[in-house]
Amino acid sequence: MKGMKKNKIEILAPAGGEEALTAAVRSGADAVYLGSQRFSARSSAHNFDDEQLKNAVAYCHENGVDVHLAVNTLVRDDELGDAMELVKYACSVGVDALIVQDMGVISLIRKSCPDMPIHASTQLSVHTLKGVEMLARLGVQRVVLSRELSFEEIALITKHSPVEIEVFVHGALCMCVSGQCYFSAMLGSRSGNRGQCAQPCRLPFLVRGGTGYDLSLKDLSVIEHLSMLQQAGVASAKIEGRMKRPEYVAAATAACRQCLDSGSADAKLMENLQAVFSRTGFTSGYFDGKTGRDMFGIRSKDDVGAADKKVFSALHELYKRERQHVPVKMHLEVPAGAASTLSASDDRKNTVTVKGSVPERAEKVALDYDRAERSLAKTGGTPYYLESLECEIGEGLTVAASSLGAMRNEALAVLSEKRSFPRPVSFSGISSLNTEPHKAASMSLRARFPDGNVPDEFLDCELIYVPLFIPDKAFDRLLSRGFAVAAEIPRGMFGIEKSIQKRLRRVQELGVDEVLTGNVGAVQSALELGMLVHGGFGLNITNTQSLAHFRELGLIDAELSFELTLQQISAIGDSLPRGIITYGRLPLMLTRNCPAQNDGRGCKHCSTPPVIRDRKGIEFPMQCFGACTEILNSTPLTLADRRQEISGADFEVLRFSTENGAQRAEMLRRYISGKTPDGGHTRGLYYRGVY
């Protein structure tokens, strides 16, 4: 892979703008990741226009640093053309890899520029080996794992992974598993999946006995454990922070560099790193496998005040000058009666040769190796250092130090031109993306339940979804009563992947061959067992290409993202049957660190589903499912009285959560009759959409 150093973990630093890019490179980054002004999951960062991106790639390549471009938002059909134009431009300027979330975009990149490395974004929510294997099948060269994994889980995945693994080692922690957060979208139409997150989780949210900010985690920092990750085979150590100041980027990058080069980071540097940005300190809770109250924190006044002028001044010194880290081998020839020549070769097999003055007979001291080395080693202001020098100097000859310096400067300048010259990746283009909207027949009805309590009123449903881990007897009863049943695989599979695979084989024995899944890892597990796979909303399908890609993988149908409007849904093409959620408390977050446990009493005390309250007293229910907790919307969605406005969908899904059996039956009757629920409702995003 381009730029990858074998057996050495890569330090991957963020660059939200040009100064941050300089800070990253000069502080010791092996690679940087940055965003264009389009399709970046950090749209509030400065980001780079086309000319700035071209210059950034040239500067980084001169310095021996790779550039990964984030094209990591969900894309709609009307945006796919522009997204691929960005990919085309990235290929032309020699970007080293693309970080991608959208499965449709992944498919198009593989077809149009198969030599461009794809890194699967953490937004794809991959936290199992099966998820990594699935993406490897699709041509992905690197997977950025979810931040919620422990070291043991990371090491296990990395050991068996067929592709490179990238892990976050410092920076902000979202409460929600990346790619599964819809909180900002539902509250204000600003989608985290499209780079517009408003970070409502940093506001006051309270569980009983909690911290008062029970959706706000401290920043992650496991920099001092980089050697462990390197020994485990992790390819890249990623620093979060494209929206942070250059001083932050410099501090985090330099700390990583020091840890790798000398085994530890300077104590004062780590102190300044915490001062420049933290939320009441750092946490390594997920990495250590120790979740809980200690992981929570906010950005306090003291945290803000810690970053004084003295701290910023010290950190600015880290990137004030070029970092001389690119080795150069030189060969000097000083022959009698002919021009002197200097050849310079770098670590990427570039070689340049320049000519200097004709040497003169020395009147006093002839030029020797030591004098030549002193002149040629003066590479300050460049990224180069003299690694070795060979000299062929005629007897009794001399060349002025100024002439040697001029040859050195010219050679290094030409070498820089060669290093920074674009290394384009072939882009063949794609056929027209225009597709005919899907023509659906009349919609069928499906229902999802959080348990095995399914009233008889739902026997007319085309399909019902129940949790994979309900008791065997519950599956037997549902099948004997005549229900068409599919088992729902949890979206959060942290640490339970083997249990899920074992359970899938068991439900097959019970007579259930269909599953619902919202994670690519679960898709892989079910397909390997020959099961019929229904895609869930967690797959974040927002365009025709993505839907077609999942059809090619073997899904028999899929739920579309509930961040789409009804109009956008009606325009999506392809032949794969698709559905939408039309009733239920939509899951806003999927979190491994359950906020309800902040009361210190543990799960055994959750006899009824806990709630979390915002600063206005609005309650959001929480439910455990698999290895995670889902935080649900305060108000149920319904389209009961708007069903005639839905087009292009083959089925609708009623998603039950907190309702009891009687309430489920009553809701179905009201829904079929076109009545909205008692106690308020929402239309979700089906009319207002997201940014």
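Counting begins at 1 with the first residue of the sequence. Side-chain atoms are counted along with the backbone in the values below, which use heavy atoms only and exclude waters and symmetry mates.
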Practice prompt. Sort and list the pairs that fulfil salt bridge (Lys or Arg N to Asp or Glu O under 4.0 Å) and have at least one residue in residues 279-298, not counting sequence neighbours.
Written response: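 Pairs touching residues 279-298 that pass the test: D219-R279.
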Minimum heavy-atom distance [X]-[Y], with the two atoms named:
| X | Y | answer |
| --- | --- | --- |
| T128 | G521 | OG1-CA, 3.8 Å |
| G192 | Q123 | O-NE2, 3.9 Å |
| T283 | K218 | CG2-O, 3.7 Å |
| R194 | V75 | NH1-CA, 4.3 Å |
| V515 | A526 | CG2-CB, 3.6 Å |
| T517 | A522 | OG1-CB, 2.8 Å |

Worksheet item: What orientation do F656 and Y583 show, parallel under 30°, tilted 30 to 60°, or perpendicular over 60°?
Response: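 The rings of F656 and Y583 sit tilted, inter-plane angle from 30° to 60°.
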Discussion item. Is the ring pair F537/F562 parallel, tilted or perpendicular, if the boundaries are 30 and 60 degrees?
Written reply: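 Rings of F537 and F562: tilted, 30 to 60°.
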Practice prompt. Compute the ring centroids of Y286 and F168, then answer whether they are less than 6.0 Å apart.
Written response: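 They do not qualify: ring centres at least 6.0 Å apart.
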Measuring only between side-chain heavy atoms, which start at C-beta, is [X] closer than 4.5 Å to [Y]?
| X | Y | answer |
| --- | --- | --- |
| V143 | I165 | yes |
| F39 | D102 | no |
| L145 | V234 | no |
| M103 | L135 | yes |
| T291 | M295 | yes |
| L468 | V507 | yes |
| I489 | L504 | yes |
| P450 | F625 | no |

Look only at the side chain of [X] and the backbone of [Y], and say whether a donor-acceptor pair between them is shorter than 3.5 Å.
| X | Y | result |
| --- | --- | --- |
| N519 | S125 | yes |
| S161 | I157 | no |
| Q101 | S121 | no |
| R585 | N633 | yes |
| S184 | R190 | yes |
| R448 | L654 | no |
| N272 | L269 | no |
| T591 | C594 | no |
| H127 | M493 | yes |

Just how far is it from atom [atom1] of [X] to atom [atom2] of [Y], taken to the nearest 0.5 Å?
| X | Y | atom1 | atom2 | value |
| --- | --- | --- | --- | --- |
| D614 | D214 | CG | CG | 12.5 Å |
| L668 | Q663 | CG | CD | 13.5 Å |
| C181 | Q199 | SG | CD | 10.0 Å |
| Y182 | S191 | OH | OG | 8.5 Å |
| M270 | S221 | CE | OG | 4.5 Å |
| R477 | D472 | CZ | CG | 10.5 Å |

Check whether more than 12 heavy atoms from other residues, nucleotides or ligands sit under 6.0 Å from atom [atom1] of [X], and answer yes or no.
| X | atom1 | value |
| --- | --- | --- |
| R683 | CZ | yes |
| Y691 | OH | no |
| Q623 | CD | yes |

Worksheet item: Can R642 be said to sit on top of Y686's aromatic six-ring, NZ or CZ under 6.0 Å from centre and within 45° of the ring axis?
Response: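 No, R642 does not lie over the aromatic ring of Y686.
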Discussion item. Can you list everything that forms a ring pair (Phe, Tyr, Trp, His ring centres under 6.0 Å) with F287? Sequence neighbours excluded, please.
Written reply: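 So F287 forms a ring pair (Phe, Tyr, Trp, His ring centres under 6.0 Å) with F151, H225.
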Item to complete: Test R142 against S236 for side chain to side chain contact (heavy atoms under 4.5 Å, CB included), laying out the working first.
Response: CA-CA 9 Å; R142 179 185 292 184; S236 181; 3.3 Å; yes
Discussion item. Working note: I239 + V249, criterion side chain to side chain contact (heavy atoms under 4.5 Å, CB included); need CA distance, chi angles, decisive distance, verdict.
Written reply: CA-CA 8 Å; I239 301 165; V249 174; over 6 Å; no
Discussion item. One pair to check against salt bridge (charged side-chain N to carboxylate O under 4.0 Å, His left out): E659 and R670. What are the steps and the verdict?
Written reply: CA-CA 14 Å; E659 305 89 346; R670 293 181 65 89; over 6 Å; no
Using distance alone, with no hydrogens and no angle criterion, decide if [X] and [Y] have a side-chain donor and acceptor under 3.5 Å apart.
| X | Y | answer |
| --- | --- | --- |
| E652 | Y671 | yes |
| S216 | R202 | yes |
| T122 | R147 | no |

Worksheet item: Applying the side chain to side chain donor-acceptor pair (under 3.5 Å) test to Y465, which of R446, R655, E514, E488 qualifies?
Response: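 Only one option passes, and that is R446.
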Practice prompt. Could you walk me through whether F282 and L273 pass side chain to side chain contact (heavy atoms under 4.5 Å, CB included), step by step?
Written response: CA-CA 10 Å; F282 301 134; L273 175 56; 4.3 Å; yes
Worksheet item: Does the pair E153 and R592 meet the rule for a salt bridge (charged side-chain N to carboxylate O under 4.0 Å, His left out), with working shown?
Response: CA-CA 14 Å; E153 291 165 342; R592 191 176 191 184; 2.9 Å; yes
Fill in: Full working for salt bridge (charged side-chain N to carboxylate O under 4.0 Å, His left out) between E497 and K130
CA-CA 8 Å; E497 184 176 27; K130 290 297 182 185; over 6 Å; no
Worksheet entry | Candidates I541, T542, N540, I581 - the one meeting side-chain contact (heavy atoms from CB on, under 4.5 Å) with L560 |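 When I541, T542, N540, I581 are each tested with L560, the side-chain contact (heavy atoms from CB on, under 4.5 Å) holds only for I541.
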Worksheet item: Can you check side chain to side chain contact (heavy atoms under 4.5 Å, CB included) on V512 and V466, steps first, answer last?
Response: CA-CA 11 Å; V512 176; V466 294; over 6 Å; no
